[in-house]
Amino acid sequence: MNNIKKNRLKDQAFKVWGIFCTLLGLVLLSIFIGNILIDGILRIDWEFVMNLPSRHAEESGIFTALMGSIWILLLTTVIALPIGIAAAIYLEEYSKKNKLSSILEVNISNLAGVPSIIYGLLGLEVFVRILEMGASVLAGSCTLALLILPIVIVSTREAIKAVPKSIRDASFAMGASKWQTVYHQLLPASFGGILTGIILALSRAVGETAPLIVIGALAYVPFAPESPMDQFSVLPIQIFNWITRPQHGFVENAAAAIIILLLITFVMNGIAVYFRNRWQKKFK
Amino acid sequence: MSKKNKESIIESSIKRKYKLQAKDVKVWYGDFMAIKGVSMDIKANKVTAFIGPSGCGKSTFLRLFNRMNDYVDDFKMEGEINIDGKDINNKNINVELLRKQIGMVFQKPNPFPKSIFENVAYGLQIQGLKDKKFLQERVESSLKQVALWDEVKDDLNKSALALSGGQQQRLCIARTLAVEPSIILMDEPTSALDPISTAKIEELIYKLKDKYTIVIVTHNMQQASRISDTTAFFYLGEIIEYDKTNKIFTNPEKQQTENYITGRFG
Amino acid sequence: MRKIKELVIERALLFSALITIAVTVGIILVLSIEAVSFFSEVSIIDFLTDPEWTPLFTNKHFGILSLLSGTLLTSFIAIAFALPIGLSISIYLSEYAPKSFRRTVKPLLELLAAVPTVVYGFFALMVVTPFLQTFIPGLSSFNSLSAGIVMGIMIIPYISSLSEDALHAVPNSLREAAYGMGSTRLQNSFKVMVPAASSGIIVSIILAISRVIGETMIVAIAAGQQPRLTFDPTVPVETITAYIVQVSLGDVQHDSLEYKTIFAAGITLFIFTFLLNTLSYRIRKKFQEKYE
């Protein structure tokens, strides 16, 4: 009977260990965030948001970086959304089970796993140099659009797949063409899922640093972009820049900017989850 | 007049007499032969029922008439299917145009996740008809034909998914009627519904027969005997017997038919 | 008329799908062309065997081994941290925890993966390193240990979520058979469930490895900029990714040899992640067939 008792103890011990592990990551994250809040919350005021970066920590602000991030987000959406949705529609509704479609599938799966910095190298050669866009907002957006393209495609496909086959049957039986069925039935029905996907993809894009550094986004930009061809900076790069400065004032700035970046990221994630729940209810 | 000409004149007049025709039709799904050589002629403005045990090819055969099997991966067909005397598998046939002239009602009601109005108007909208007044009139008359108008007229913008099962199925029928097809195919339209909704729909089918040619697949023999003019008994991909409904249910020719009707198997 | 419209639409949709192939081709071409140009000036043997990487100094060495060791060391630490924790979480959630707990906790864990990496970098440098320095006195301010641990925190959900899905997919009949014979949850988990879900778990690990090898900001901020061939987690190192960032921040002439080094480093990274991703894709496909 000793053996059974030993096994039960081990079982209970693992249960405790399991709970510990589950909470460990979240506890650590809370500690980090708490730490950041302590470091940075007092630094945040309207001036911080509206100021341009400067050599003096107390006068520095995130205005140009924030504007840059907004520009990048909007332009990236404009580029990635149509291509991603079109590709997803093709793969889900038009492609047949042939060699091409399996190549497309493997390829997208592979692209999703390519490190973001490699996309930066691609963007540097193709967009900045060959297409001569320079280190502009446009080049940055094209690069990030390619980065998030697999995410948009996969989530759009999932959303379209979730529309029941009976809807397609009903539409075809009425003599609708494939495109009419996609346009009138499938896209409206999967709208919520598609929206969720794009918001999640963008919340990833807003935090991307490495590819934009590689294409030449500057760490010190004294102006907000006014056209897609302007140079730019983004919030994460501004944070990175401040972290590398030795003066303590910049650490506070970095912490404050991080709070704002986290706020943006979590709000976007929250909105995406909200839409996903609303959309899933639609089919119940 | 040569013999050949005479024969083809007779043939084409026979073709015209029958709304739907199948000639020696064989269907395969991959290696599995689902339909093993079926021929039948269906007259216009009658209700024809297909009965038989599950998996015997009734639905497959039904779907040949609006070519819905085209979407199944391993589908292969031989033989001729004619509607109004024309071979619908001919390369020159526009399949979408064909389907606009044939309505289909499915086993499980499948309204679009849109409003009641948009559901009924869909068939007209995909043909490019946009005139608001015209659409409203058509929607109203279709909903009246299926006896749904009084129940929904106060809020046509309500989601179709909020209706009950029976109402949804009547909505699906209204949807097909809105485009004024000449043929309506029904694949077990009441098997998912309660008895009261079933009765309402059977009443509807009986009324529709004046204007439409209806083919209905059903598991329910009593239903077939109630509403159809002719009945075809399918078994393992073949038609065992096809005759006036009255005859099939009171005095069938084949032993197998009688066995099925009396419930000895099925 | 309508038929033409349908055809045009289909072609346009196909074109969009083909863009994804163009991206892969673009990546391969860009990396290869610059790498080939690099290797016309630097022997590939030197590249693979020289223990020093000093392309920006006057005395230039072009051995990738030190950058590779930085990448592998930080990744190893990350996986060593995340694997036992992530796996334990997946087993706990799948075999022990009540459904409501699982439902609340799973999205919270995914939050760990949603935090921007520059923020994690800040934590590694400003919080973890000083904390560790209190009991590892020799720990330098830039080191692979802090960066590795923080990367590990980041990838916990990669391992825990996918492993948990794999465990969940194991047929309940196996679970019931084990319990029917009197095993505890622990015995069932490790002797029956984990082996049954092994391919899914392995896929999650491979994907996690691929993720940390390609990680840039955490290591660029916290691990250092000194390429060094070492296994010592307390000293500064430099990863492949951090090197590319270092060069990009500086003033390097296009078409110079220094410029091409980032592509040589990049293609090395790409080959590693490509092989890992292909491997995980193959295993995933085989795994799907198993339960169909």
Side-chain angles (χ1 to χ4, degrees), chain A residues 7-8 10-11 14-15 17-19 21-22 24-26 28-29 32 35 83 86-87 89-91 94 103-104 106-111 113-118 121-122 125-126 129 146 149 153 177-179 203 207 209-210 213-214 216 219 236 239-240 243 251 254 258 261-262 265 269 273, chain C residues 2 6 9-10 12-14 16-17 19-21 23-24 26-27 30-31 85 88-89 91-93 96 105 108-109 111-112 114-119 121-123 125-127 153 156 184-187 207 210 214 216-217 221 241 244-245 248-249 254 262-263 266 269-270 273-274 277-278 281:
Chain A
N7 283 335
R8 275 219 197 111
K10 281 195 211 165
D11 192 62
F14 185 80
K15 186 172 172 193
W17 168 249
I19 298 181
C21 290
T22 307
L24 178 66
L26 296 172
L28 286 176
L29 187 63
F32 291 155
N35 199 285
I83 300 178
I89 293 175
Y90 179 80
L91 287 167
Y94 285 81
I103 293 179
L104 283 169
V106 176
N107 186 52
I108 290 178
S109 165
N110 182 55
L111 282 178
V114 170
S116 57
I117 199 165
I118 304 269
L121 292 174
L122 175 68
E125 280 283 281
V126 174
R129 293 195 61 201
L146 293 185
L149 196 57
I153 292 178
S177 69
K178 201 169 255 188
W179 175 248
S203 76
T209 326
I213 292 180
V214 172
I239 294 171
F240 176 64
I243 293 178
V251 172
I258 286 177
L261 179 60
L262 283 178
T265 308
N269 271 299
V273 169
Chain C
R2 165 149 289 281
E6 289 284 317
I9 290 180
E10 183 170 347
L13 296 175
L14 174 61
S16 304
I19 288 182
T20 57
I21 297 193
V23 173
T24 304
I27 291 177
V30 162
L31 292 178
I85 294 181
S88 302
I89 294 179
I91 294 176
Y92 175 73
L93 288 181
Y96 286 76
V105 160
L108 287 178
L109 281 176
L111 217 63
L112 288 175
V115 173
T117 52
V118 74
V119 176
F122 181 90
F123 295 147
L125 186 65
M126 301 292 180
V127 179
I153 297 176
I156 285 177
T184 59
R185 285 172 299 191
L186 183 65
Q187 290 170 321
L207 287 177
S210 176
T216 309
M217 296 319 290
I221 293 175
T241 48
I244 298 177
V245 163
S248 304
L249 287 172
H254 284 318
I262 62 177
F263 291 92
L269 178 65
F270 182 73
T273 54
F274 181 76
N277 290 330
T278 308
Y281 186 80

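Everything quoted here is computed from the prediction, not taken from an experiment. Chain A is the first sequence line, chain B the second, and so forth, proteins listed ahead of strands; every chain is numbered from 1. FYI, side chains are in, hydrogens and waters are out, and symmetry mates aren't considered; it's all heavy atoms of this structure.
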Identify the heavy atoms of Thr209(A) and Pro236(A) that sit nearest to each other, and give their distance. OG1-CB, 3.4 Å

Under a 4.5 Å heavy-atom cut-off, does chain A meet the side chain of Ile85(C), its backbone, both or neither? both

Heavy-atom contact with chain A under 4.5 Å, split by part of Phe122(C): both

With only heavy atoms counted, which part of Trp17(A) is less than 4.5 Å from chain C, the side chain, the backbone, both or neither? side chain

Segment of Val106(A) engaging chain C (4.5 angstrom heavy-atom cut-off): both

Applying a strict 4.5 Å limit to non-hydrogen atoms, the region of Ile103(A) in contact with chain C is side chain

Is the Phe123(C) ring parallel, tilted or perpendicular to the Phe32(A) ring (thresholds 30°, 60°)? parallel

What part of Val127(C) gets within 4.5 angstrom of chain A, counting heavy atoms only: side chain, backbone, both, or neither? side chain

Where does Phe270(C) contact chain A at under 4.5 Å (heavy atoms): side chain, backbone, both or neither? both

Thr22(A), part contacting chain C, at a heavy-atom distance under 4.5 Å: both

Region of Ile9(C) in contact with chain A, defined by heavy-atom distances below 4.5 Å: side chain

If you round to the nearest 0.5 Å, how far is CD1 of Ile19(C) from CG of Leu14(C)? 10.5 Å

Which bit of Thr20(C) is near chain A, if near means a heavy-atom gap under 4.5 Å: side chain, backbone, both or neither? both

Who wins among Lys15(A), Arg8(A), Arg129(A), Lys10(A) for the most heavy-atom pairs under 4.5 Å with chain C? Arg129(A)

For Asp11(A), is it the side chain, the backbone, both, or neither that has a heavy atom closer than 4.5 Å to a heavy atom of chain C? both

Distance, nearest 0.5 Å, that separates CG of Leu269(C) from OG of Ser210(C): 8.5 Å

Mind checking the CG-CZ spacing from Leu31(C) to Phe274(C)? Nearest 0.5 Å is all I need. 12.0 Å

Select, from Leu91(A), Leu262(A), Leu149(A), the one with the greatest count of heavy-atom pairs under 4.5 Å involving chain C. Leu262(A)

Heavy-atom side-chain contact between Ile153(C) and Leu112(C) under 4.5 Å: yes

Ile118(A), part contacting chain C, at a heavy-atom distance under 4.5 Å: side chain

Residue Glu6(C) versus chain A: region with a heavy atom under 4.5 Å: side chain

Using a cut-off of under 4.5 Å on heavy-atom pairs, state which of Leu93(C), Ile21(C), Ile156(C) scores highest against chain A. Ile21(C)

What part of Thr216(C) gets closer than 4.5 Å to chain A, counting heavy atoms only: side chain, backbone, both or neither? side chain

With a 4.5 angstrom heavy-atom cut-off, is it the side chain or the backbone of Leu261(A) that approaches chain C, or both, or neither? side chain

Identify which of Thr265(A), Leu111(A), Leu146(A) forms the greatest number of heavy-atom pairs closer than 4.5 Å to chain C. Leu111(A)

So, taking the atom named CD1 in Ile243(A) and the one named CD1 in Ile221(C), what distance separates them when rounded to the nearest 0.5 Å? 4.0 Å

Show your working on side-chain contact (heavy atoms from CB on, under 4.5 Å) between Leu121(A) and Val214(A) and close with a plain yes or no. CA-CA 6 Å; Leu121(A) 292 174; Val214(A) 172; 4.0 Å; yes

Quick one: CD1 on Ile19(A) to OH on Tyr92(C), what's the gap to the nearest 0.5 Å? 3.5 Å

Taking the side chain as every heavy atom from C-beta outward, state whether Tyr281(C) and Asn277(C) have any atom pair closer than 4.5 Å. no

Under 4.5 Å heavy-atom distance to chain C, tell me which part of Asn269(A) shows up: side chain, backbone, both or neither. side chain

Looking at every non-hydrogen atom in both residues, tell me the closest pair between Leu13(C) and Tyr90(A) and how far apart they are. O-CB, 3.6 Å

Just give me the residue among Val245(C), Leu125(C), Thr117(C), Leu207(C) that pairs up with chain A most often, heavy atom to heavy atom, under 4.5 Å. Val245(C)

Non-hydrogen side-chain atoms of Pro115(A) and Thr241(C) separated by less than 4.5 Å: no

Ranking Ser16(C), Ala12(C), Ala114(C), Gly214(C) by heavy-atom pairs under 4.5 Å to chain A gives rank one to Ser16(C)

Give, as side chain, backbone, both or neither, the part of Thr184(C) having an atom under 4.5 angstrom from any heavy atom of chain A. both

Please report the C-alpha distance between Leu249(C) and Phe240(A) in whole Å, then the side-chain angles of each, then the deciding distance to 0.1 Å, and finally whether the side-chain contact (heavy atoms from CB on, under 4.5 Å) criterion is met. CA-CA 11 Å; Leu249(C) 287 172; Phe240(A) 176 64; 3.6 Å; yes

Does one side chain, of Thr24(C) or Asn107(A), offer a donor that lies under 3.5 Å from an acceptor on the other? yes

